[in-house]
Amino acid sequence: MTNLFNYIDRPSPIHRLTGACKLVCLILWTLAAMTSFYTPLLVAMTVAAVLLFRIARLKLKDISVTLGIMCVYIVMNNILIFLFSPMHGTNIYGTKTVLFHIAGPYSVTAEQLFYHLNVILKNACTIPIVLLFVCTTNPSEFAASLNRIGISYRISYAVALALRYIPDIQREYRDISLAQQARGTEMSKKANLIHRLKAASAILIPLILSSMERIETISNAMELRGFGKEKKRTWYSGRPFSKLDLACMLSCAVLMLLSLTLTYLNGGRYFNPFQ
Amino acid sequence: MENEPIIRFQDFGFQYTAQAEPTLYHINLDIHKGEKVLIAGPSGCGKSTLAHCINGLVPNSYPGKSTGSLTIGGKNAQNMGLFELSQTVGTVLQDSDGQFIGLTVAEDIAFALENDCVPVGPMHDTVARIAELVDVKQVLNHAPHEISGGQKQRVGLGGVMVGNVDVLLFDEPLANLDPATGKQAIVLIDEIQKRTGCAVIIIEHRVEDVLYRPVDRVILMEDGRIRYDGDPDSLLCTDLLPACGIREPLYVTALKYAGVALTKAMRPSYLPELTLSDAQKEQVRCWYEQHPNAEVNAAAPVLLRAENLDFTYDGGHHALRGVSVTVHKGEMLSIVGTNGAGKSTFSKVVCGFEKAQSGILELNGIDLNTLSIKERADHIGYVMQNPNQMISKTQIYDEVALGLRNRQVPEEEIRPRVEETLKICGLYPFRNWPVSALSYGQKKRVTIASILVLKPEMILLDEPTAGQDLKHYTEIMDFLRELNRQGITVVLITHDMHLMLEYTPRAVVFHAGKVIADKSAAEVLNDPQIVAEAHLKETSLYHLSALCGIDNSEEFTRRFIARDREVRK
């Protein structure tokens, strides 16, 4: 069973960055990509993202499942944009260059295609960075970094624990599902949808019950060891920022500023090659 | 100040808010620093509640009303919060998996320090020191699933020791460990206590296993009251333990059967120092010779044949290496071995949850690989360890009927079959109850019933008695034996040496993916090499027979078990 959130331990400069730094960079990078439709910037960021991916020594097959899901998402997203708003590009760029007509209100315009290119680029420059964060941040550091950027440590810890239990719950789900199958609950694709939904509930009830037991134990264990006693807490895996960390965060801040400046100079978020 | 007890219960009573009757009555108990105390008692006797009063979970997490007084470290415990108490009392919970909070060993040990805002530098130093003390230095960066059960417990102990507590409280420390690891845990607790001078309180119903290292005092509880509070030797001279539904050390029972009058001076609580006079040894020999050979059953036709099974998990873990096991019709047999020895993988392969890469697997001569999971389940029923993982309906009747309904059996046929099964399982009076109203042991029966209703020829149970006291253990096991008498083949995966001796004539021992022994349970447990290799624990009867000069310790064990079975009936 593949795990979507998978820390991959390899020696690389990106792995050595502190979790908090990576989180800050991720946020700045994503904001920069979200605010701008300035195509050259997006292209540059996409290239940089792919390069960073290489620097982190991640391989395509490490993330194939997640990448597959993301690709489906991008395709769906673009299809929906086109279906609901086929003239969106024309409205933005102010010209209309019809390449060919499909039917009714649907025509393919150069402006619309260019707009789609921008949407794809925005995704393409963000997704590798998100994956980079997920794959190179030691789960131990995750809660500490959330806490570092100002999120309450209780919430940070809750998030980290939830992530940690995903593999356990996956394993338990599998065990329960097998035991149910042995009693004749049909799980395979042979059964129809309603049957499969019923079957799923046969697994969920035991899964919820045993998760409740788990929660009771863990919350007792945590309280017995003083969780929640103070307003703050320290982190075993916490590290001070290194020079590289500071440099990375600075670069991302500059990127963010660049994106804003371009929007300002350009008089809008869009880079327009049509005028 | 030295004589001031660290824990003092004075006429203490407690009643949970949700319950009609008090759980504890008139408890008077002093525990001093440096003492090692065993609190024993059957399930529901109040020993866990007593422990929760000491660590503060009562009343902070489980509210209720208390009477009398409880002082810990000179302060009234009822006014102390959980956090304040945790500075004095360190608790190691029963579930060593569930209490593992950190993502790695080091972080888990550091957890209390993190909550105390200890700066990172000193924190790393403390963790290193404690890791050394509980011997987990090699695995500091490992995740919980990468270390063994015994190591997890060491980590749990380390996690409470960082706080320099005065009291270490162990809630059923042996429940989730294999026998040899349990033995090591008892040794570790003993060493830590000697080194730190803490008061150690062990809550456990497996008295013999705890007595592997001496304890200062035993508190025996029954029905919320203290029945005995004193030294272990005097306790073993009485019949209080069996009277309260707790198993005595086997060698003590054997001595009693032989008519040896025990005295405190003989040191019955610590086997290495047990002294018997020549006359007493003669008594034991006489008893042995007077008792007939235990009967050995003749072999029945083959039901399940596994030959040369090989299985490797996706991740590359080679879990079964040429495993061959034959199960005969009507047999009751144990599969034992350490965690990760291949026992569970074997049962998964048999049930079709996993498919062996090579080897033969036949049931009644039919190749099992041609059958689906569902089809196999008509022949082989699998009962998981935790009943909560199996029960998916809210009503007992529906739960038991589920398998039949899934097989499109007509409803008019289902009713008599379900009712008959419920009768066999002693659940008929509860047939219209919701599952949630049942006790753990009853839930276990429901899961067994839900499997039996499919009329399998063989049932496979994973740790059927885990966490059960002697009474419930006997109930479940006698029930399984009764099923076995009715012709159902029963295969048990277990860590419990006594279960294997008492109920299953044959034991298959797994180690590192191989079968290293397949013979009678008594033979297995009297073979020091197998015992060491498979992390089992030799029975104390082995030592007793050696002490009394009886050569055939296996036969001694067998005769004892036969006698014990008669007496307990």
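In what follows, every chain begins at residue 1, and chains take the letters A, B, ... in the order their sequences are listed.
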B:Ile373 and A:Leu178: which non-hydrogen atoms are nearest, and at how many Å?
-> CD1-CD2, 3.7 Å
Without swapping roles, check the side chain of A:Thr234 against the backbone of B:Val118 for a donor-acceptor pair under 3.5 Å.
-> yes
Would you give the length of the straight line joining atom CG of A:Asn138 to atom OG1 of B:Thr104, rounded to the nearest 0.5 angstrom?
-> 8.0 Å
Salt bridge (charged side-chain N to carboxylate O under 4.0 Å, His left out) between A:Lys229 and B:Glu84, worked out | CA-CA 9 Å; A:Lys229 178 165 52 174; B:Glu84 198 183 345; over 6 Å; no
Side chain, backbone, both or neither: which part of B:Arg376 has a heavy atom under 4.5 Å from chain A?
-> neither
Give the member of A:Glu213, A:Glu216, A:Arg233 that has the highest number of heavy-atom pairs under 4.5 Å with chain B.
-> A:Arg233
So which of B:Val120, B:Ile101, B:Leu82 has the biggest tally of heavy-atom pairs under 4.5 Å with chain A?
-> B:Ile101
Which is it for A:Gln180 and B:Leu402 under the side chain to side chain contact (heavy atoms under 4.5 Å, CB included) test, yes or no, and what are the steps along the way?
-> CA-CA 10 Å; A:Gln180 288 293 339; B:Leu402 178 72; 3.6 Å; yes
Interatomic distance, A:Arg214 atom CZ to B:Asn388 atom CG [nearest 0.5 angstrom] = 12.0 Å
Are A:Phe227 and B:Phe83 near enough that their ring centres are under 6.0 Å apart?
-> no
Any chance you could lay out the side chain to side chain contact (heavy atoms under 4.5 Å, CB included) test for B:Gln389 and A:Glu172, step after step, and finish with the verdict?
-> CA-CA 8 Å; B:Gln389 286 192 345; A:Glu172 201 164 331; 3.3 Å; yes
Non-hydrogen atoms of chain A under 4.5 Å away: do they reach the side chain of B:Tyr382, the backbone, both or neither?
-> neither
A:Arg225 CZ to B:Thr91 OG1 distance, which is reported to the nearest 0.5 Å = 10.0 Å
Proximity breakdown for A:Leu161 and chain B, heavy-atom pairs closer than 4.5 Å | side chain
Interchain contact, B:Glu399 with chain A, by part (heavy-atom threshold 4.5 Å) | both
Donor-acceptor pair, side chain of B:Glu114 and main chain of A:Tyr236, under 3.5 angstrom = yes
Distance-only donor-acceptor check, side chains B:Tyr62 and A:Asn220, under 3.5 Å | yes
Per-residue contact mode, A:Tyr165 against chain B (heavy atom under 4.5 angstrom) = side chain
Portion of B:Asn55 that has a non-hydrogen atom of chain A nearer than 4.5 angstrom = both
Hey, does the side chain of A:Arg183 reach the backbone of B:Met390 with a donor-acceptor pair shorter than 3.5 angstrom?
-> yes
Assess whether atom CZ of A:Arg10 is packed by more than 12 heavy atoms of other residues, nucleotides or ligands within 6.0 Å.
-> yes
Which of the residues B:Val127, B:Leu454, B:Val89 is involved in the greatest number of heavy-atom pairs with chain A at under 4.5 angstrom?
-> B:Val127
Which portion of B:Val453 sits near chain A, non-hydrogen atoms under 4.5 angstrom | neither
Check each atom of A:Asp175 against the heavy atoms of chain B and say whether the ones under 4.5 Å are side chain, backbone, both or neither.
-> both
Out of A:Lys232, A:Glu230, A:Met222, which one racks up the most heavy-atom pairs below 4.5 Å with chain B?
-> A:Met222
If one checks every heavy atom of B:Leu85 against chain A at 4.5 Å, the contacting part turns out to be neither
Heavy-atom distances under 4.5 Å only: say whether B:Lys348 touches chain A with side chain, backbone, both or neither.
-> side chain
Side chain / backbone / both / neither for B:Asn141 at chain A, heavy atoms under 4.5 Å = neither
Flag side-chain contact, heavy atom, 4.5 Å: B:Val160 against A:Leu224 = no
